[in-house]
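Below is one structure, written out as structure tokens; comments come after it.
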Amino acid sequence: MQSAQNLLVVVDSPVARQLLAGLFSKEPDLRVVTAFDWTRAQRKARITRPDLVVLCSDRLGPQDDSARWIRAEQLGLLSCTLDVRGADVRSTLLTLLARVRGELVQKKAPSALDAPARAARLGVIEPSIPSTVRIVAMGASVGGTSAIKAILQSMPLRAPGIVIVQHMPEPFTAAFAMGLDRICTIAVKEAAHGDVVREGTALIAPGNRHLIVHRRELEYYVDVVDGPLVMHHRPSVNVLLRSVAQAAGPNAVGVVLTGMGDDGADGLLEMKEAGAFTVAQNEESSAVFGMPRAAIVRGGVLEIAPLLGMRDIILKGSAWRGDEGRPRVRK
């Protein structure tokens, strides 16, 4: 009976990681481990000792590839990159693993010096599993209607999809969304159950309902649900941000704007820990600094920004990755 093989997939999209792992869920002799960046991949590799490392990212250039080949080979691993455009991913990887098994049986010792040649033998194609769609999640309370208006009015047509919780009584959220839709370049609407979070669209939680983001294949969609008050609020910023942390991980930007209390502080910290870029409005431009201050004190904030600079920092943050350092934006 042949021994099980270990496959390590390094891919920055959480949706793609889930899909790739699911492709092999019924393979009895294959264990799939995933990581969203090379730092975490190295830690997992030392524990699991994978037979094949697959680098899947549209952000890897030739120089990055070379460095990763060498480091992978120094760990004693066989490496390849993968392009899923028009390819049968499952069949391709199973074929590569079969070739790996053949090489291991022949006791070919891995060498950092022949990494490119070894990769070529394994059928390397340029890496390009695309990142999942970006998503921006923001929450506000007292003073938030003006702050949200300023941000959404400044957003370009192809801005990432935005989901918003504004503490506001039930009768007013639909009118708030409709008013913004009339004056903004992007579309704005009160969120409804099942709405997809699309580029160039902002969804605002209905009053007295929690807004929860889920992922489905390569898109995000929302649930609008009843439930108990959270941090004395429904909708709660914490509920929204926690769901985005789970659904989008590093593919998200979290924003806590002006407001009283500390709703959003825990959720923003969870987003930061999941690899998201996180922002709080600064004190000078906040009507009430309670919510941003609580998020900062809790440790969930990577950048503090004035309202007038919020558009730029959100758009920069939507292209940011946790292993690239923070975008440098003036406070």
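The analysis underlying the following values was restricted to heavy atoms, covering all of them including side chains, and did not include hydrogens, waters or symmetry mates.
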Compare all side-chain heavy atoms of P160 with those of I135 and state whether any distance is below 4.5 angstrom. no
Kindly indicate, with the supporting measurements, whether the criterion side chain to side chain contact (heavy atoms under 4.5 Å, CB included) is fulfilled by D223 and L211. CA-CA 6 Å; D223 272 344; L211 186 64; over 6 Å; no
Ignoring hydrogens and geometry, is there a side-chain-to-backbone donor-acceptor pair from D263 to M231 under 3.5 Å? no
Heavy-atom pair with the smallest gap, counting every atom of D262 and A294: CB-CB, 3.4 Å
Can you tell whether the side chains of R234 and D226 come within less than 4.0 Å, N to carboxylate O? no
How many angstroms lie between atom CD1 of I148 and atom CD1 of I204, to the nearest 0.5 angstrom? 6.0 Å
Closer than 3.5 angstrom, by distance alone: can the side chain of R311 be matched with the main-chain N or O of I151 as a donor-acceptor pair? no
May I have the step-by-step check of side chain to side chain contact (heavy atoms under 4.5 Å, CB included) for L302 and K272, ending in yes or no? CA-CA 8 Å; L302 289 172; K272 177 187 172 187; 3.9 Å; yes
R216 to Y221, cation-pi by 6.0 Å centre distance and 45° axis angle: yes
Give a yes or no answer on whether the side chain of T185 reaches the backbone of P156 with a donor-acceptor pair at less than 3.5 Å. no
Can you see which heavy atom on A305 is nearest to which on V279, and at what distance? CB-CG1, 4.1 Å
Connected via hydrophobic side-chain network under 4.5 Å: V253 and L307: yes
Does some side-chain heavy atom of M138 sit less than 4.5 Å from a side-chain heavy atom of V163? no
If you group Ile, Leu, Val, Met, Phe, Trp and Tyr by side-chain heavy-atom gaps below 4.5 Å, do I183 and L308 land in one group? no
K189 and D181, any side-chain heavy atoms less than 4.5 Å apart: no
Could you state whether V224 and V165 fall into the same hydrophobic cluster, counting links through intermediate Ile, Leu, Val, Met, Phe, Trp or Tyr residues with side-chain heavy atoms under 4.5 angstrom apart? yes
Check whether any side-chain heavy atom of S141 lies under 4.5 Å from a side-chain heavy atom of M291, and answer yes or no. yes
Within a strict 4.5 Å, meaning less than it, do heavy atoms of the R209 and P235 side chains meet? no
Is there a path of hydrophobic side-chain contacts, each under 4.5 Å between heavy atoms of I/L/V/M/F/W/Y residues, joining I164 to V239? no
Any carboxylate oxygen within less than 4.0 angstrom of a Lys/Arg side-chain nitrogen, looking at R298 and D266? yes
How far does CZ of F277 sit from CD1 of I314, to the nearest 0.5 angstrom? 9.5 Å
Any donor-acceptor pair under 3.5 Å from E270 side chain to A274 backbone: no
Indicate yes or no for a side-chain donor-acceptor contact from N251 to the backbone of R134 under 3.5 Å, with no hydrogens or angles considered. no
Any side-chain heavy-atom pair from R242 and V244 closer than 4.5 angstrom? no
Establish whether I296 and L269 are linked, either directly or via other cluster members, by ILVMFWY side-chain heavy-atom contacts under 4.5 Å. no
What residues form a side-chain contact (heavy atoms from CB on, under 4.5 Å) with S243, not counting sequence neighbours? I212, V213, L240
I'd like to check L203 versus I162 (side-chain heavy atoms, cut-off strictly below 4.5 Å). Are they in contact? no
Is the backbone of S236 close enough, under 3.5 Å, to the side chain of H210 for a donor and an acceptor to pair up by distance? yes
Heavy-atom count around L229 CG within 6.0 Å, excluding the residue itself: above 12? yes
Test log, rule side chain to side chain contact (heavy atoms under 4.5 Å, CB included), inputs R182 and M178: CA-CA 6 Å; R182 286 194 293 268; M178 290 174 62; 4.3 Å; yes
I'd like to know if the side chain of T201 reaches the main chain of G161, judged simply by a donor and an acceptor atom lying under 3.5 Å from each other, with no hydrogens or angles considered. no
Under the side chain to side chain contact (heavy atoms under 4.5 Å, CB included) criterion, do E303 and T278 qualify, and how do the steps go? CA-CA 7 Å; E303 291 286 347; T278 56; over 6 Å; no
Does any N or O in the side chain of Q281 come within less than 3.5 Å of the main-chain N or O of T258, such that one atom is a donor and the other an acceptor? yes
Backbone of A192 reached by a side-chain donor or acceptor of D195 within 3.5 Å: yes
Taking Q166 for the side chain and G139 for the main chain, is one N or O donor matched with an acceptor at less than 3.5 Å? no
Closest non-hydrogen atom pair, V222 against A191: CG2-CB, 4.4 Å
Of all heavy-atom pairs linking A140 and V237, the shortest is N-CG2, 4.1 Å
For F176, what residues pass the ring pair (Phe, Tyr, Trp, His ring centres under 6.0 Å) criterion, not counting sequence neighbours? none
Any non-hydrogen side-chain atom of L257 less than 4.5 Å from a side-chain atom of M310? yes
Ignoring hydrogens, what is the shortest heavy-atom contact between A276 and A252? Give both atom names and the distance. CB-O, 3.3 Å
Shortest non-hydrogen pair, I186 vs A159, comes out as CG2-CB, 4.4 Å
